[in-house]
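To start, the structure under review is shown below, and the notes come after it.
We count ligands from 1, going down the list as the structure has it; atoms in each ligand are counted the same way.
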Amino acid sequence: MLSRENVTREALSGLEAQRAANMMEEKRRRAEAEQKSPAVAALLARRQRLFFSGVRGAFASPQKAKEISGSMQREMEDINAQLRAALIDCGLPEDYLQPVYRCALCRDTGYVGEPVHEQCSCLKRAVMNRLYQAEGLQGLERENFASFDESIFPDEPIEGRKLTQRGHIRKIRAYCEEYADTFAADEGKGLLLCGRSGLGKTFLMNCVAQRVLERGYSVVVVSAYKLIEAMRRFQFGEEGVEQVQDMLSCDLLCIDDLGSEPMLRGVTVSSIYHIVNERRSANRAIVITTNLDSDQLYEKYEDRIGARLTDPSRMKVIPFIGVDVRRFAAKV
Ligand SMILES: [Zn+2]
């Protein structure tokens with residue numbers, strides 16, 4: 001796993017580059033507006049003169065500084081109002097010459113809060129996503145809705161049904177895409193993708209993760225095996241506290257292959273309960289793939305977990321059915 005320090009440093013230098021790009025964009029917009037409208041150019045020049053004369057005046061006469069800044073402020077407001085009107089007149093938005101930044105909370109500095117300086121959510125999200133992309137999302141770039149190929153699923157009726165396997169997966173894919181496109185943090189709606197191996201569950205979970213990531217949310221994708229490993233280390237006082245916090249606090253947690261993890265006494269069931277329950281109380285969503293059906297979930301993890309994972313008000317249970325398609329395609 002990449003070290004959090006390095007990833008944070010990388011993210012901060014990314015923000016520095018972003019701030020430089022913001023300044024370039026501000027310059028470009030200013031030049032564009034000045035070229036489009038002589039009125040805008042004149043007002044900007046006037047504003048600048050006013051600013052410098054105000055600064056000079058305040059230096060020359062410190063006792064009058066307050067008076068000067070008061071009258072300067074009024075004039076400044078007047079110029080700004082004219083500027084907004086002139087921008088609209090030449091077909092630009094009225095806030096076109098306002099400072100440019102991607103994150104309104106920290107203005108791309110990565111930090112918020114006075115006097116307590118803390119990391120902005122955008123920085124935390126960038127670090128988290130980078131850490132877990134390196135850790136668990138291998139192949140995520142390849143596994144997305146655009147590369148999802150339904151033609152590898154047989155177009156023959158599933159045993160005992162009218163629907164073909166391809167028709168079935170097409171429906172699931174549409175549902176998952178809609179879910180990812182309308183995903184919102186703190187709604188707490190999750191997916192339980194269940195069925196045998198080789199039916200496309202993990203692929204579709206990765207598609208969802210990728211799309212939700214692209215939409216700017218924090219996403220942690222982890223195998224059930226690694227989840228239990230992290231919880232075990234945490235429980236026994238070794239490192240791992242940050243990883244556990246990430247799994248609890250990210251906007252979307254994706255757990256792959258629940259049921260394949262080792263059943264460690266005093267660790268596995270209580271860890272899964274803890275994660276599922278904490279996220280549920282905080283209205284944070286989980287997407288899970290598993291080879292187990294709901295009866296088996298109840299059996300393996302006790303009723304309290306089974307009930308939470310299949311609660312229809314919070315989880316959409318999606319059964320994958322048909323034949324294993326891995327023999328048709330190298331990768332599903
Ligand atoms: Zn921010």
Under-2.8 Å neighbours of the Zn ion (ligand 1), protein N/O/S atoms only: 4
side-chain contact (heavy atoms from CB on, under 4.5 Å) for Arg28 and Val100? Distances and angles first, verdict last. CA-CA 11 Å; Arg28 190 198 64 74; Val100 171; over 6 Å; no
Counting neighbours of CD on Gln35 that are heavy atoms of other residues, nucleotides or ligands and sit closer than 6.0 Å, is the number greater than 12? no
Look at the rings of Tyr217 and Phe183 and say which category their plane angle falls in: under 30° parallel, 30 to 60° tilted, over 60° perpendicular. perpendicular
For Glu16, look at atom CD and say whether over 12 heavy atoms of other residues, nucleotides or ligands are found less than 6.0 Å away. no
Is the Lys NZ or Arg CZ of Arg304 less than 6.0 Å from the centre of Tyr273's six-membered ring, within 45° of the axis? yes
So for atom OH, which belongs to Tyr225, do other residues, nucleotides or ligands contribute more than 12 heavy atoms lying within a distance under 6.0 Å? no
